[in-house]
Peer 1: 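One structure follows; several queries about it will come next.
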Protein chains: 2
Amino acid sequence: MRIGQLARITGVKSETIRFYEREGILAAPPRTQANYRDYGPAEEARLNFIRRARDLGFSMARIRELLDLSDDADRSCAGIDALARSHLGEVERKIASLEALRTELGRMIAACEQDTVGDCRIIDALAGTAEP
Amino acid sequence: MRIGQLARITGVKSETIRFYEREGILAAPPRTQANYRDYGPAEEARLNFIRRARDLGFSMARIRELLDLSDDADRSCAGIDALARSHLGEVERKIASLEALRTELGRMIAACEQDTVGDCRIIDALAGTAEP
DNA sequence: ATGCACCTTGTAGTAACTACAAGGTCAAGC
DNA sequence: GCTTGACCTTGTAGTTACTACAAGGTGCAT
């Protein structure tokens, strides 16, 4: 598959795909005899992963770490464990925040259905005590 | 509370707080007689909201919309409903992605505990079919 | 043989910060 | 009373993660 089709399928612009390749987050694919990048389903999956992880607010550095978990098959369990645990913590915090937001949005929609506007506590949904 | 303390409490730099004020996402607070910005708990909550929403990958534009839901008390239920529903959809998609990621990270940690490295399917966790 | 998708390198724009400089005010501590 | 640190302003410039476009070239289908 060429870059244009991969771009259409994943919703990532061709230029962004080449950018990811330059950044080393997406390996340089084989080339056709015409020097076109030739992508397969593995690259498609990896690109979808990157795009979704970015959408979830993970930085490129963090995504690189996550991808390393995937790439370094011959890695020590201790290393994998520590990194996976740290990512798991971040993921769980994000889930908790999003669930609070979901609850509040659901509450507002329900109130609207009964035509009782109600007060909006959407800020409170995410405004728990701060910790970086 | 002055800007420095708010910055310490929320983990948002003073310069970023002023930036949010310039951008109109955080209202200009009252000033002390010394012309210092004077923040209260409401601003703290709003700032925590903004910071967390950014961390979850919401754009400033999207955050502005969410805050509008909170600010415009005298808004039509139809308008609130449509906007809340659209945000709810995005939130639910994000939760689903994060839950897949959580499951896979948990699986890797569990495998490591038994010293059976196992294969990493972390990419598959987020690489479902694409839709922008 | 025309047009479109691809190739390269390079520059520049965007969003959302982040940093720092210059020049000034305010108030607490020595 | 004077220094020090936190604040004020305006302004410029750097960072990350793209996004866009230009110039000049290749491959290939119609």
Side-chain angles (χ1 to χ4, degrees), chain A residues 1-40 43-44 46-68 90 94 126 130 132, chain B residues 1-40 43-44 46-68 90 94 126 130 132:
Chain A
M1 170 199 310
R2 297 191 306 189
I3 201 168
Q5 200 192 337
L6 181 62
R8 272 186 300 282
I9 288 174
T10 59
V12 178
K13 309 242 152 75
S14 297
E15 281 158 327
T16 306
I17 297 173
R18 287 190 281 255
F19 167 75
Y20 286 152
E21 185 181 319
R22 276 199 306 284
E23 294 294 297
I25 210 168
L26 205 57
R31 300 293 184 117
T32 64
Q33 71 276 50
N35 199 31
Y36 290 174
R37 286 171 180 82
D38 190 16
Y39 296 102
E43 282 93 343
E44 183 187 333
R46 193 178 177 98
L47 187 52
N48 274 324
F49 176 89
I50 294 167
R51 173 169 146 278
R52 303 225 163 152
R54 289 284 308 128
D55 181 57
L56 294 167
F58 292 98
S59 67
M60 295 273 279
R62 213 79 164 111
I63 291 170
R64 215 178 287 264
E65 285 180 0
L66 286 164
L67 288 170
D68 283 352
E90 187 179 353
K94 283 182 191 248
L126 288 194
Chain B
M1 173 199 309
R2 296 191 307 191
I3 202 170
Q5 200 193 337
L6 182 63
R8 272 186 301 282
I9 287 174
T10 58
V12 178
K13 309 244 154 72
S14 297
E15 280 158 328
T16 307
I17 297 173
R18 286 190 280 255
F19 168 74
Y20 286 153
E21 186 181 319
R22 275 200 306 284
E23 294 295 297
I25 210 168
L26 205 57
R31 299 295 182 115
T32 64
Q33 71 276 51
N35 198 31
Y36 289 174
R37 286 171 181 83
D38 191 18
Y39 296 101
E43 282 94 343
E44 184 188 334
R46 193 178 177 98
L47 187 52
N48 273 324
F49 176 88
I50 294 168
R51 173 168 146 278
R52 303 224 163 152
R54 288 286 306 128
D55 181 58
L56 294 167
F58 292 98
S59 67
M60 295 271 281
R62 215 80 164 108
I63 291 171
R64 217 178 285 264
E65 285 179 359
L66 285 164
L67 289 170
D68 284 352
E90 187 178 356
K94 284 184 189 239
L126 288 194

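All chains are named by letter (A, B, ...) in the order of the sequence lines, taking the proteins before the strands, and each is independently numbered beginning at 1.
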Peer 1: Taking the nucleotide of DNA chain D with the closest heavy atom to each, which residue, A:Y36 or B:E15, is nearer the 5' end?
Peer 2: B:E15

Peer 1: Grab the CZ-C1' distance between A:R64 and D:dT16 for me, whole Å please.
Peer 2: 12 Å

Peer 1: Taking the side chain of A:T16 as heavy atoms from C-beta outward, which of D:dC8, D:dT19, D:dC28 is closest to it?
Peer 2: D:dT19

Peer 1: Give the minimum heavy-atom separation between B:T10 and B:R51, together with the two atoms involved.
Peer 2: O-NE, 3.0 Å

Peer 1: Closest approach to the side chain of B:F19, judged atom by atom: which nucleotide of D:dT9, C:dC17, D:dC28 is it?
Peer 2: C:dC17

Peer 1: Starting at CZ of A:R8 and ending at C1' of C:dC4, how long is that distance when rounded to a whole Å?
Peer 2: 12 Å

Peer 1: Report the nucleotide, chosen from D:dC8, D:dC18, D:dA20, that has the shortest atom-to-atom distance to any side-chain atom of B:N35.
Peer 2: D:dC8

Peer 1: Please report the distance, rounded to the nearest Å, between CG in A:D38 and C1' in C:dA5.
Peer 2: 15 Å

Peer 1: Going by atom type alone, with no hydrogens or angles, which donor-acceptor pairs under 3.5 Å involve a side-chain atom of residues 25-34 of chain B and a protein atom two or more places apart or on another chain?
Peer 2:
{"residue": "B:R31", "atom": "NH1", "partner": "B:N35", "partner atom": "O", "Å": "2.9"}
{"residue": "B:R31", "atom": "NH1", "partner": "B:N35", "partner atom": "OD1", "Å": "3.4"}
{"residue": "B:T32", "atom": "OG1", "partner": "B:A34", "partner atom": "N", "Å": "3.2"}
{"residue": "B:T32", "atom": "OG1", "partner": "B:Y36", "partner atom": "N", "Å": "3.1"}

Peer 1: In whole Å, I'd like the distance from the CD1 atom of A:I50 to the C1' atom of D:dA17.
Peer 2: 12 Å

Peer 1: Distance check: side-chain N/O of B:R54 vs OP1/OP2 of C:dC17, anything under 4.0 Å?
Peer 2: yes

Peer 1: Measure the CG-CD1 distance between A:L67 and A:I50 for me, rounded to the nearest 0.5 Å.
Peer 2: 5.5 Å

Peer 1: Have a look at B:F58 and say if it touches a base, only the backbone sugar-phosphate, or nothing, with a 4.0 Å heavy-atom cut-off.
Peer 2: nothing

Peer 1: Could you state the CG-P distance from A:L56 to D:dA17, rounded to the nearest angstrom?
Peer 2: 15 Å

Peer 1: State whether A:F19 and A:K13 meet the cation-pi test: NZ (Lys) or CZ (Arg) under 6.0 Å from the six-membered ring centroid, and within 45° of the perpendicular axis.
Peer 2: no

Peer 1: Rounded to whole angstroms, how far apart are CG on B:L6 and C1' on D:dA6?
Peer 2: 14 Å

Peer 1: Side-chain N or O of A:R37 less than 4.0 angstrom from OP1 or OP2 on C:dC7?
Peer 2: yes

Peer 1: Report the distance from atom CE of B:M60 to atom C1' of C:dT18, rounded to the nearest whole Å.
Peer 2: 14 Å

Peer 1: Of B:E23 and B:R2, whose nearest nucleotide on DNA chain C comes first from the 5' end?
Peer 2: B:E23

Peer 1: Using a cut-off of 4.0 Å on non-hydrogen atoms, how would the nucleic acid contact of B:T32 be classed: base, sugar-phosphate, or nothing?
Peer 2: nothing

Peer 1: Picking from C:dA16, D:dT9, D:dC18, which would you name as closest to the side chain of B:S59?
Peer 2: C:dA16

Peer 1: Using whole Å, report how far CD1 of A:I63 lies from P of D:dA17.
Peer 2: 8 Å

Peer 1: Check whether any side-chain nitrogen or oxygen of A:R18 sits under 4.0 Å from OP1 or OP2 of C:dC7, and answer yes or no.
Peer 2: yes

Peer 1: Please determine, for the side chain of B:K13, which listed nucleotide (D:dC8, C:dT18, C:dC7) has the closest atom?
Peer 2: C:dT18

Peer 1: Please compare A:E21 and B:A61 by the position of their nearest nucleotide in DNA chain C and report the one closer to 5'.
Peer 2: A:E21

Peer 1: Contact class for B:R31 (heavy atom, under 4.0 Å): base, sugar-phosphate, or nothing?
Peer 2: sugar-phosphate

Peer 1: Would you find a donor on one side and an acceptor on the other, under 3.5 Å apart, between the side chain of A:R2 and the backbone of A:L6?
Peer 2: no

Peer 1: Is A:Y20 near enough to D:dA17 that one of its side-chain N or O atoms lies under 4.0 angstrom from OP1 or OP2?
Peer 2: no

Peer 1: Under 3.5 Å, is there a donor-acceptor pair between the side chain of B:D38 and the main chain of B:M1?
Peer 2: yes

